[in-house]
Each structure stands twice: as structure tokens, then as C-alpha cells.
Enquirer: 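Here it is, the structure, as C-alpha cells.
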Amino acid sequence: MLRWAAVLHDIGKPASQVLDQETGKWTFWNHANVGSKMVCPILARYGVPQEWWYDIKELVYLHMRPVALV
């Protein structure tokens, strides 16, 4: 389960990338939220047991949070 979360933790970056015109750098604001919404269809496609889906989705969603808040 943890391996799936590790593989998918940045899956939302391509969908949330924005070029900051002032600095010329790419930003990925809210990519954890976008990625957590993409997880279930991917897990279904690969035949991951459905009872794991919620936990993997939460790990992907929380991967940017400090441990003290989690």
C-alpha cells in the first residue's frame, strides 16, 4: 500500500502546473488534491484491492503536510 502511495504521490503535478510569469518558474499548487482525485481510477485499472483505495488516496493527499499536523 505504501509503495502505491510512493509511486502516485506526484501524479497530479502535470495537471496542476502553471508557469509563474514574474519568476519564470513552474508552480504546482494544489497538486496533492488533484492527484488524490486521480488515484482511484488508476488503482482500479491495475487491479489493486478496493479496501486499499481510501488509504492510498489519503496518503497521496497528505504527502505535503508536515508530520506534526498529520
Side-chain angles (χ1 to χ4, degrees):
M1 186 177 342
L2 186 59
R3 288 182 185 181
W4 276 108
V7 169
L8 297 174
H9 78 277
D10 280 339
I11 197 76
K13 277 193 172 182
S16 64
Q17 70 181 2
V18 176
L19 180 63
D20 186 357
Q21 297 297 330
E22 293 178 11
T23 63
K25 295 182 181 180
W26 291 98
T27 61
F28 305 99
W29 293 105
N30 209 22
H31 80 275
N33 190 24
V34 172
S36 70
K37 293 177 183 177
M38 298 169 68
V39 166
C40 290
I42 293 169
L43 295 176
R45 189 177 328 150
Y46 285 100
V48 176
Q50 200 166 5
E51 58 267 7
W52 290 10
W53 290 8
Y54 177 78
D55 293 333
I56 296 170
K57 184 177 178 179
E58 286 298 304
L59 287 170
V60 169
Y61 179 70
L62 296 173
H63 84 272
M64 293 293 292
R65 304 267 171 99
V67 175
L69 293 178
V70 177

Enquirer: Is there a path of hydrophobic side-chain contacts, each under 4.5 Å between heavy atoms of I/L/V/M/F/W/Y residues, joining V48 to M1?
Expert: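 Yes; tracing contacts between hydrophobic side chains, which count when under 4.5 Å, links both residues.
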Enquirer: Side-chain heavy atoms under 4.5 Å apart, restricted to Ile/Leu/Val/Met/Phe/Trp/Tyr: what other residues fall into the cluster of L59, or is it alone?
Expert: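 Other cluster members: L2.
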Enquirer: Does I11 share a hydrophobic cluster with V7, counting links as ILVMFWY side-chain heavy atoms below 4.5 Å and allowing steps through other members?
Expert: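 Cluster IDs for I11 and V7 match.
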Enquirer: Return all side-chain donor-acceptor pairs below 3.5 angstrom for residues 24-43, not counting sequence neighbours, or 'none' if the list is empty.
Expert:
unit_1, atom_1, unit_2, atom_2, d
T27, OG1, V18, O, 3.2
H31, ND1, F28, O, 3.2
H31, NE2, D10, OD1, 3.0
H31, NE2, H63, NE2, 3.2
S36, OG, N33, O, 2.9

Enquirer: For residues 36-60, which residue pairs pass the ring-ring contact (aromatic ring centres under 6.0 Å, His included) check, not counting sequence neighbours?
Expert: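 Of all non-adjacent pairs touching residues 36-60, those that pass ring-ring contact (aromatic ring centres under 6.0 Å, His included) are W4-Y46.
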